[in-house]
Amino acid sequence: MILMKDIVRDPNPVLRKQSKRVQFPLSKKDQKLAKDMMQYLEVSQDPKLCKRYGLRAGVGLAAPQVNVSELMAAVLVPDDNDDPHHPQFKAVIINPLIIANSVQRGAMTEGEGCLSVDKDIPGLVHRADRITLQYQDMTGKKHIVRLKNYPAIVCQHEIDHLHGTLFYDHINMKDRFAKQGDEVLFS
Ligand SMILES: CNC(=O)c1cccc(C)c1Nc1nc(N2CCN(c3ccccc3Cl)CC2)nc(N2CSC[C@H]2C(=O)NC)n1
Ligand code: NI
């Protein structure tokens with residue numbers, strides 16, 4: 001089970017490395033990693049279990065955050081009314097590729113948090129509002145999905161981790177909450 005002690009913190013250089021492609025069929029190690037990362041998100045989103053294991057709640061976790069420089073991340077974006085049975089987007093995304101970005105930009109009004117960044121870094125994190133994401137699932141099957149708003153933001157945040165980018169790299173430090181043109185803001 002992944003616990004907070006297993007999560008690498010900024011400025012550990014592993015968070016700035018380029019991850020390597022994952023080969024199929026998945027090794028036993030990669031299968032366990034994928035399951036453990038998704039389990040972390042599920043446990044962290046259950047208030048009782050989150051408290052019991054001393055976790056920080058998250059909707060995304062990337063392999064470099066647990067010290068594995070591979071192109072793999074788990075994403076679990078719950079449904080708005082927090083219905084655990086119908087998440088907005090739930091997937092282990094392997095060798096992900098953003099194959100299209102909307103011109104329209106988007107950002108979360110409250111900014112972003114990251115399990116690997118202990119301090120709060122306020123500011124709008126400017127991203128594409130919609131993306132077309134290609135990834136392989138744990139069986140190696142290729143998927144192409146179109147995402148917008150929260151799920152799109154989370155996937156961009158996690159895919160950034162795979163290429164050594166952290167969310168605050170996208171904040172305009174001179175004017176942290178300045179909108180970029182007709183950027184969509186949502187909470
Ligand atoms: C500095 N201001 C802020 O952080 C921030 C502040 C307010 C609102 C938002 C929306 C903010 N932003 C933000 N909030 C989240 N959570 C909201 C709470 N939630 C959660 C909490 C409890 C149970 C279940 C769940 Cl679901 C877990 C996820 N997550 C992310 N990110 C950025 S993309 C990856 C994702 C991530 O998992 N980070 C650890 N950003
Ligand atoms: Ni993060």
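Everything numeric in this text was worked out from a predicted model, so none of it was measured.
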Novice: Taking the side chain from R130 and the backbone from A128, do they hold a donor-acceptor pair closer than 3.5 Å?
Specialist: no

Novice: What closest approach, in Å, do D129 and S102 show between heavy atoms, and which atom pair accounts for it?
Specialist: N-OG, 3.3 Å

Novice: Could you report the tightest heavy-atom contact between E158 and A73, atom names first, then the distance?
Specialist: CB-CB, 4.0 Å

Novice: If only side-chain N and O atoms count, and only distance matters, is there a donor-acceptor pair under 3.5 Å linking Q136 with H143?
Specialist: no

Novice: Under 4.5 Å between any side-chain heavy atoms of L124 and K179, yes or no?
Specialist: yes

Novice: Taking side chain as C-beta onward, heavy atoms only, is M108 less than 4.5 Å from H157?
Specialist: no

Novice: Using a strict cut-off of less than 4.0 Å between a Lys/Arg side-chain nitrogen and an Asp/Glu carboxylate oxygen, indicate whether D169 and R16 qualify as a salt bridge.
Specialist: yes

Novice: Would you say the side chains of E183 and H126 form a donor-acceptor pair under 3.5 Å?
Specialist: yes

Novice: Taking atom types as modelled, is there a side-chain donor on Y40 or D6 under 3.5 Å from an acceptor on the other?
Specialist: no

Novice: Would you sort out whether M4 and I7 count as a side chain to side chain contact (heavy atoms under 4.5 Å, CB included), showing the intermediate values?
Specialist: CA-CA 5 Å; M4 288 310 288; I7 294 185; 4.1 Å; yes

Novice: Any side-chain heavy atom of K119 sitting closer than 4.5 Å to one from I121?
Specialist: yes

Novice: Show your reasoning for whether side chain to side chain contact (heavy atoms under 4.5 Å, CB included) applies to E112 and R127.
Specialist: CA-CA 11 Å; E112 294 188 11; R127 296 190 185 281; 2.7 Å; yes

Novice: Answer whether the closest heavy-atom distance between the side chains of L55 and L3 falls below 4.5 Å.
Specialist: yes

Novice: Are I94 and E70 close enough, and set up right, to give a side chain to side chain contact (heavy atoms under 4.5 Å, CB included), and what steps lead you there?
Specialist: CA-CA 9 Å; I94 300 173; E70 287 185 357; over 6 Å; no

Novice: For a 4.5 angstrom cut-off between non-hydrogen side-chain atoms, does F89 reach C155?
Specialist: yes

Novice: Give the minimum heavy-atom separation between K17 and S69, together with the two atoms involved.
Specialist: NZ-OG, 3.5 Å

Novice: Could you tell me whether K35 and E42 make a salt bridge, using a distance below 4.0 angstrom between a side-chain N and a carboxylate O?
Specialist: no

Novice: Quick one, L61 and I2 - any side-chain contact, counting heavy atoms below 4.5 Å?
Specialist: yes

Novice: Look at the side chain of T109 and the backbone N and O of F186, then say whether any donor-acceptor pair between them is shorter than 3.5 Å.
Specialist: yes

Novice: Looking only at heavy atoms, what is the nearest atom pair of S44 and A57, with distance?
Specialist: O-CB, 3.4 Å

Novice: Would S116 and Q65 count as having a side-chain donor-acceptor pair, cut-off 3.5 Å?
Specialist: yes

Novice: Do Y168 and L185 belong together in a cluster built from hydrophobic side chains that touch within less than 4.5 Å?
Specialist: no

Novice: A quick test of your reading: do over 12 heavy atoms of other residues, nucleotides or ligands sit less than 6.0 Å from NZ of K32?
Specialist: no

Novice: Between R56 and C114 (side chain of the first, backbone of the second, donor and acceptor by atom type, cut-off under 3.5 Å), is there such a pair?
Specialist: yes

Novice: Any sub-3.5 Å donor-acceptor pair from N172's side-chain atoms to R176's backbone N or O?
Specialist: no

Novice: Considering non-hydrogen atoms only, spot the tightest contact between Y135 and A91 and give its length.
Specialist: OH-CB, 3.9 Å

Novice: Are V77 and I159 linked, directly or through intermediate hydrophobic residues, by side-chain heavy-atom contacts shorter than 4.5 Å (ILVMFWY only)?
Specialist: yes

Novice: Going from CD1 on I171 to CG on D175, what distance comes out if it is rounded to the nearest 0.5 angstrom?
Specialist: 12.0 Å

Novice: Taking the side chain as C-beta and beyond, is there a heavy-atom pair between M1 and V43 under 4.5 Å?
Specialist: yes

Novice: Membership question, hydrophobic clusters at under 4.5 Å side-chain separation (ILVMFWY): are I98 and L166 in the same one?
Specialist: no

Novice: Minimum heavy-atom separation for A34 to V92, with atom names?
Specialist: CB-CG1, 3.8 Å

Novice: Is it the case that more than 12 heavy atoms not belonging to R146 sit under 6.0 Å from its CZ atom?
Specialist: no

Novice: Could you tell me if the side chain of L26 sits less than 4.5 Å from the side chain of M138, heavy atoms only?
Specialist: yes

Novice: Looking only at atom types and distance, does a side-chain atom of D79 sit under 3.5 Å from a main-chain N or O of Q88, one as donor and one as acceptor?
Specialist: no

